[in-house]
Each structure stands twice: as C-alpha cells, then as structure tokens.
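Keep in mind that what you see is a predicted model, and the values were worked out from it rather than measured. The sequence lines fix the lettering, A, B, ..., with proteins before strands; numbering per chain opens at 1.
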Amino acid sequence: MADNHTLWADVQLLALHAPELARTLRPGQFALARDPTTLDPYLRRTLWLYHIEGARVAFTLPARDPLVVRARVGDTLDLLAPLGRAIEFDSNARHVLLIGEGTRVAPLIAIAHDAIAQGRAVVLVTHTPFLPHSAGQGAWPAHLLSPEIEYRTGDGLDAELIAWADAIVASGSAQLYRALADAVRAARYRLEPGFARVLMDLPMPCGTGACYACAVETSRGVKLTCADGPSFDLIEFANQRTR
Amino acid sequence: MSIELAPNWKRSLTLTNPLMLTGGYAPNLAKVSEPSQGSTSIGALVTLPTTLRPRAGAPLPRVVETAGGVLLRTGAANPGLAHVLREYDRAWEQSAIPIIVAFAAQGVNDWATMAAQLDSTAGVGGIELHFNPTMDALDAIRAVRAATELPILAKLDLDNARDVAADCLAAGANALVIGRAPRGMRIIEGHPWYGRMYGPAAKPLALRAVAEIRDLRLDAPMVACGGVHSTEDAREFLAAGAGAVETDSAVWLEPAVAARIAADLAQG
C-alpha cells in the first residue's frame, strides 16, 4: 500500500503498488480486497478503480471501513482483481455523459479519464436533486477533478445534455436510474439498448458467482453484479422492481 | 482415498477426496479451486441452491457482517434449473468430479420435476435437499426418491437434525449433511434482520451437531458443513464423525482455499 487518505467526505483513497494490475485493470472493473492476516472484517471489501499511474493503482472505498482504518502504508493487501466487466464505449460515441450522486461519483472518474484519452468529449454531472441533506452528500468537489473533465452540478437529467450524449454511464440510487430511464425516453423518444449503463454498488461477498448475494433481476433474467456487472444496460434494469 | 456417500444404493456417489465445495455452478470456481500443481482435486461440487424457476431473491441488502462472519439472506436467488442446465450441462458432463445439485426449498412437485430432469443429466452425481419450516421434509424426500435414483443428501438444520435424521434416512435419503448454516439475527437501524450465519463462528455449532448425529449410530454417511476455513477445521469435523466436509464461505475470502484443504487431506 502506497497511500491511504480521505479524499472527500466518506470517500477514502487507497493507492497500491500493483504493476500487473495496473496493466490489466480497466475502468468499470473493480477489486475485492482483504487483509490477509485476519478474518476480521470477514468479507472482502469492494475497491472501485479511481486512477492508474505507472505501477500505482488508486481505488476508492468508504472511509469508515475497518480495512481503511487499520491499513498502513507499506502493508500488503490480498486482492482479487480485475473483476467484472469494463465499460466499453461504442466507437461512434463521441459525447459521453457521466451522471453520479454524491460519493457515487468516484467510480465515474476513471471512466471519464479513459473516455477523454480515447478522444471523446466528456461531461460529468453530480446529480443533486435526490441527495439527502446530510453531511458528505453534496456535490463532488471540483478541485478533485482534472481540468479536461467538464464538470457540472445540479440536474444531470437535463434534456439538452441527454440529447447531446452518445453514451451515458450513471452511478447512484435506484431512484436516479428510474428517473434517467424516463428522462432518456422523454429526450430521445426511446431508450435504445447500449445507450446508457448504470453501475450497481452492492455487497459482493465472493466476486466469483458462488454466493449469489449480488444477484439482480433484469429483463434478461437473474444476473450477478460481480460477474455480469457491475454495470448493466439501463434498458435491462429500468423496468425491474426497486431494491 | 474413496468416500462412498450412497452405500448399498443403485447408483453410487463416490468422492476421491473428502473436501466438497459448495456454491456457484462450477466452471469458474472449479478453475480457481484446482491446485496449480499435482492431480489432487476436491471431492465434489455442490451447486448453489436452485429452484425449478428463476428466483430474483430477497430484497437488498442480502448480507450483513457480524463478529465471526456474516448473516446471509439470498432468498434462494438463482437463475432456475433450465437456465443452469443450458449454461452448465457441458461443463458438468466433462467434470472430473461429481456435481451435486442443491435444491432450494420450494414446492414438493417442483422438487420432483427437477429430480426427474436431473436423473439422466450427465455429470450429476446426487441431489442435496434444503428444507424450510413450511415443508414436510419426509414427504419431500419421498417425492424426490420416487422421481430419481440419484443419491439424495438431506441437509438438515442444526437445531433439529438429531430429531429428524433417522426419519429422513427412512424416507429415502442416502446421506445426511449436518448442516445448514444456523439462523441468526441483527438489529439494523432499529429493525430485526434475519439471515443464516456463515463464517468461523458457525463451526463450533456444526461440530457439536455432527458429534450428536454420530452418537445416534445411524447406518448412513454424514457430511459436515459449517465454518470450515482451514485444513485443521476439516480434520476436526472428520474426527467428530463426518465422512466428508463441505466448505462454502471460505472460498469467498480465498478462492483457492478448497484446493489447498483438499491437497492437505489427500496427504493424510
């Protein structure tokens, strides 16, 4: 472990020296981590990719997590990674809209950088209307973002933005995802397969499909967030019951 | 090494290693569970509890941590037997180890239908039955027995295993699995949250139940299950009277642990 500090609010940054992972991990994927010296806490923790620089891979996770509290720079973590499917944009997707809520913006940042590196225009929005008015649930701080990301706060479901976008990735609540589906249908008349993806942030105890604790019901049947996700096509998820 | 879980029955269920892995439906888990060197393999794979039709499962969250493990409440989320067979029948057919299909609690008729479908599915070596309190366990075993000659393993709750074990065998089960993860509860945001307890804290409870069943001197094999995270854990269960041992949540933490325990047990 190369770094362990609070990035903002309840978001902790863990940076690891992990050369092999730095070569293979892709935005949208995740890692499951544990302290190899103890069974407490019992489950592996989900680490969301934040940034890769050389052999250094930075992840985010909740700042109050026991793994965060105990881990010290120089410690070794046991990782299962890369897990899940990466976010891949269609080659024709020139305009990418990323919509997050509060701390759930974190997993979108690596996706933003990747899209920009591929020559796409990116707008990142912290969607604030559904956020509870409690500490740490505000908009993602602009100073944590690099200048090439066009950043907005407020209504991420703005019709003009959605009309501008060739692809959308959202990270937030079920309420956001329902509203996004409605907004896309209103702005573009229909929700096309592949147009919008949503990130599911659920406990994923095993990461291998063994436990089915992260199973979600989609229009294409029961799927696993760890193996089939963690992002799903909004069209698969939009009409399912809220959890 | 050879462990027979259906002695004196029409179809045998023979394990070459006493370590059985539970969870998933095989391919990805089997890969990470095979030792990188040598030919030692786990004894069998017991699938995720499955229903005839797909089941979305319990509302989220389905897992809550507690000291010594987790409470898990999946609501038997699974893709349904037809999907499982479509997806995995080839892998099962080619599997070097028997696949034991676990049945999640549901209607007895659905169990009978599933049993009949699996009867001729290549690679399937047995069926493991998971009951719930609303089911008549004995009727359920009889219905499955009538539908298939596959060996039946009855996985019993720890709190009543001693009371029902002999009757389950009389109804047609070939072996007992002791047992299902114990039920537990936490208060989350002022409300009770129920689930089954997985983790090291479950081991002493399961170990005691295994010893109690052993003392009944029933003429049937017994598989132990509960909190197995190491070779030492597995050996304790074998010493307490089990013929084989299932491990489940340990592979969530360390996918290769099953292979490691199996290799250790193979060495004696």
Side-chain angles (χ1 to χ4, degrees), chain A residues 31-46 62 64-67 77-81 83-85 173-174 177 200-230 236-237 239-243, chain B residues 21-33 45 47-51 53-80 82-84 87 104 195 198-201 227 229-230 248-256 258:
Chain A
L32 290 179
R34 63 181 289 262
D35 175 350
T37 65
T38 178
L39 290 178
D40 178 25
Y42 186 67
L43 295 177
R44 286 177 178 269
R45 318 327 261 185
T46 304
R64 291 185 296 270
D65 192 280
L67 185 74
L77 290 183
D78 177 349
L79 293 190
L80 289 181
L83 295 173
R85 294 170 187 266
S173 63
Y177 298 162
M200 299 296 289
D201 185 7
L202 309 176
M204 294 179 275
C206 72
T208 59
C211 70
Y212 262 63
C214 67
V216 291
E217 187 179 12
T218 77
S219 58
R220 295 180 182 169
V222 177
K223 291 194 173 182
L224 297 172
T225 303
C226 69
D228 303 315
E236 287 182 73
F237 191 67
N239 298 325
Q240 304 306 315
R241 65 180 157 135
T242 307
R243 294 176 181 283
Chain B
L21 174 62
T22 74
Y25 293 101
N28 54 353
L29 271 181
K31 281 178 196 163
V32 292
S33 297
L45 182 116
T47 71
L48 194 83
T50 303
T51 49
R53 295 171 188 81
R55 207 180 262 186
L60 298 169
R62 300 200 183 104
V63 58
V64 171
E65 281 186 297
T66 187
V70 292
L71 293 177
L72 180 67
R73 180 182 63 191
T74 67
N78 77 92
H83 176 93
V84 170
E87 199 82 5
Y198 291 81
H229 287 69
S230 66
D248 43 36
S249 60
V251 296
W252 307 350
L253 315 185
E254 179 48 68

Review point. With a 4.5 angstrom heavy-atom cut-off, which part of A:L39 approaches chain B: side chain, backbone, both or neither?
Key: side chain
Check your understanding: Is any side-chain heavy atom of A:P205 less than 4.5 Å from a side-chain heavy atom of B:V70?
Key -> no
Check your understanding: For B:R55, is it the side chain, the backbone, both or neither that has a heavy atom under 4.5 Å from a heavy atom of chain A?
Key -> backbone
Practice item. With rounding to the nearest 0.5 Å, note down the distance linking CG in B:L48 to OH in A:Y212. Key: 6.5 Å
**Study point:** Contacting region of B:L72 [heavy-atom separation from chain A under 4.5 Å]
**Key:** side chain
Review point. In terms of heavy-atom proximity below 4.5 Å to chain A, should B:A201 be classed as side chain, backbone, both, or neither?
Key: neither
Review point. Quick one: does A:Y42's side chain get under 4.5 Å of B:S249's, heavy atoms only?
Key: yes
Point to revise | Heavy-atom side-chain contact between B:E254 and A:D78 under 4.5 Å | key: yes
Review point. At a heavy-atom separation under 4.5 Å, does B:H229 approach chain A through its side chain, its backbone, both, or neither?
Key: side chain
Exercise for review: Please list all pairs passing the salt bridge (Lys or Arg N to Asp or Glu O under 4.0 Å) test where one or both residues lie in residues 200-216 of chain A, with sequence neighbours left out.
Suggested key: A:R104-A:D201
Practice item. Report the residues that fulfil side chain to side chain donor-acceptor pair (under 3.5 Å) with B:T51, sequence neighbours left out, ordered by chain and then residue number. Key: B:N78
**Study point:** B:T66 portion near chain A, given a 4.5 angstrom heavy-atom threshold
**Key:** neither
**Study point:** Region of A:L224 in contact with chain B, defined by heavy-atom distances below 4.5 Å
**Key:** neither
